[in-house]
Amino acid sequence: ADCVFHPDWLKTIAAFHAATDAKFIAAPVKIDCGKGVLDIFQTLDFISLQGITAASVAGRFHSMCNGANLAYEKKAFAEVGGFRGIDQIPSGDDLLLMHKIYLKYPEHVKYLKNENAIVVTDPQITWREFLNQRVRWASKADSYDDKRIFYVLVLVFCFNLAFLALAVAGFFDSRYWLFALALLAAKSIIEIPFISTCARFYGQGELMKYFVLLEPVHIIYVIVTGFWGRFGSYYWKGRKIGRGSAGSEAQVS
């Protein structure tokens, strides 16, 4: 209801399904980027997530998708028991269902890379709403049956946390700041070509001029959302969702 679709969206998905016999299809999502700093930041972040999603699904590395644009066979849905076993989790039914189907049909979970299949959605309006959304996404990390996703998320969190550790250590020995700069340069050299390719696919290549400027903000954002997603709370569908004492999610109010 909050998305815009290409006129050939369903036709493209149907043709892809007929050609591949896919049981589950993950497809591209694009943020309708405005001119504000928040819009640009979350669009670049989302482009990177979409690129990782496409690469992960195509390479069958792990299961990723976005609920704004996916399709699955009714028969496959019934065969894996639908949402049974995951319906107690407040959010994340898209990825969790995808993994259930992947376990039964690992060769039939596909990514549809086609410009006509892109779904456009609006960005979050405020920083608070944006962070709440990303904390909600991060909170699902330990609920994935596909533990490969969890290990990757932990690695990403620790990698970004290393920047904070080096920055603090630099006050005691300035050489650590040089290590931090070298690590940041290596991170950018690896990320820029990949994200540039993804940005061009979505017709948003011009945003890459802001990438380096926003890198420090992105590092802090990953640390904050990763930590808060594990130990904090977020709002979803009018409910406040918190972390239980055993680490599982529980409805607070």
Side-chain angles (χ1 to χ4, degrees), residues 1-31 46-121 133-134 136-154 156 198 201-202 229 236-237 239 241 248-249 251:
D2 57 354
C3 297
V4 177
F5 312 90
H6 189 279
D8 292 331
W9 174 57
L10 290 179
K11 184 188 297 184
T12 304
I13 292 175
F16 184 75
H17 173 258
T20 64
D21 190 32
K23 305 301 180 184
F24 189 105
I25 299 171
V29 182
K30 170 184 175 179
I31 285 183
F46 198 75
I47 287 172
S48 69
L49 289 173
Q50 284 292 297
I52 294 169
T53 295
S56 297
V57 177
R60 292 198 293 275
F61 179 67
H62 52 58
S63 309
M64 291 183 67
C65 64
N66 187 290
N69 197 10
L70 56 81
Y72 49 86
E73 285 189 347
K74 182 178 181 180
K75 182 174 181 289
F77 177 80
E79 287 176 342
V80 301
F83 296 111
R84 188 168 62 245
I86 60 175
D87 53 2
Q88 79 283 3
I89 301 172
S91 174
D93 51 294
D94 44 5
L95 275 77
L96 297 170
L97 174 64
M98 181 184 191
H99 185 61
K100 290 179 72 174
I101 295 177
Y102 173 82
L103 291 176
K104 186 171 181 63
Y105 295 105
E107 303 295 326
H108 294 273
V109 172
K110 306 288 186 179
Y111 185 85
L112 170 54
K113 182 185 177 184
N114 189 303
E115 292 180 0
N116 293 343
I118 295 175
V119 166
V120 182
T121 189
Q133 180 192 60
R134 296 307 202 262
R136 175 169 60 84
W137 291 358
S139 71
K140 298 176 290 186
D142 56 1
S143 298
Y144 298 137
D145 287 333
D146 189 350
K147 293 306 177 185
R148 294 171 298 178
I149 299 179
F150 175 74
Y151 297 142
V152 169
L153 293 175
V154 170
V156 170
C198 299
F201 170 74
Y202 288 103
W236 175 236
K237 303 295 185 182
R239 298 170 294 163
I241 308 299
S248 59
E249 288 180 319
Q251 183 173 324

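Residues: numbered from 1 along the sequence shown.
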**Asked** Using 30° and 60° as the class limits, which term best fits the ring planes of His99 and Tyr102: parallel, tilted or perpendicular?
**Response** parallel

**Request:** Indicate the atoms forming the closest heavy-atom contact of Leu95 with Cys65, along with that distance.
**Result:** CD1-O, 3.2 Å

**Prompt:** Would you say the side-chain atoms of Lys100 pair up with the backbone N or O of Val80, donor to acceptor, closer than 3.5 Å?
**Reply:** yes

**Item:** salt bridge (charged side-chain N to carboxylate O under 4.0 Å, His left out) involving Glu79 - partner list, sequence neighbours excluded
**Value:** Lys75

**Request:** Any salt bridge (Lys or Arg N to Asp or Glu O under 4.0 Å) involving residues 49-62? Give me the pairs, sequence neighbours left out, ordered by first then second residue.
**Result:** Arg60-Glu107

**Prompt:** So, is the end of the Lys30 side chain (NZ or CZ) under 6.0 Å from the ring centre of Tyr202 and within 45° of the ring's axis?
**Reply:** no

**Asked** How far apart are the C-alpha atoms of Ser63 and Phe24, what are their side-chain angles, what is the distance that settles it, and do they pass the side-chain contact (heavy atoms from CB on, under 4.5 Å) test?
**Response** CA-CA 11 Å; Ser63 309; Phe24 189 105; over 6 Å; no

**Request:** Find out whether His6 and Ile118 are in side-chain contact, i.e. whether some heavy atom of one side chain is under 4.5 Å from a heavy atom of the other.
**Result:** no

**Item:** Glu73 vs Asp21 side-chain heavy atoms within contact, under 4.5 Å
**Value:** yes

**Residue Phe5 excluded, over 12 heavy atoms near CZ under 6.0 Å** = yes

**Asked** salt bridge (Lys or Arg N to Asp or Glu O under 4.0 Å): which pairs involve residues 1-20, sequence neighbours left out?
**Response** Asp8-Lys11

**Request:** Begin with the C-alpha distance, continue with both residues' side-chain angles, and end with the deciding distance and a verdict on side-chain contact (heavy atoms from CB on, under 4.5 Å) for Met64 and Ile52.
**Result:** CA-CA 8 Å; Met64 291 183 67; Ile52 294 169; 3.9 Å; yes

**Message:** So Thr53 and Asn66, do their side chains get closer than 4.5 Å, heavy atoms only?
**Reply:** no

**Prompt:** With sequence neighbours left out, what residues match Tyr72 under side-chain hydrogen bond (donor to acceptor under 3.5 Å, both in side chains)?
**Reply:** none

**Request:** State which residues pass salt bridge (charged side-chain N to carboxylate O under 4.0 Å, His left out) with Lys113; sequence neighbours excluded, sorted by chain then number.
**Result:** none

**Prompt:** Looking at Phe83 versus Phe77, is the centre-to-centre ring distance below 6.0 Å?
**Reply:** yes

**Complete:** With sequence neighbours left out, the residues meeting side-chain contact (heavy atoms from CB on, under 4.5 Å) with Ala117 are Thr12, Pro28, Leu112, Asn114

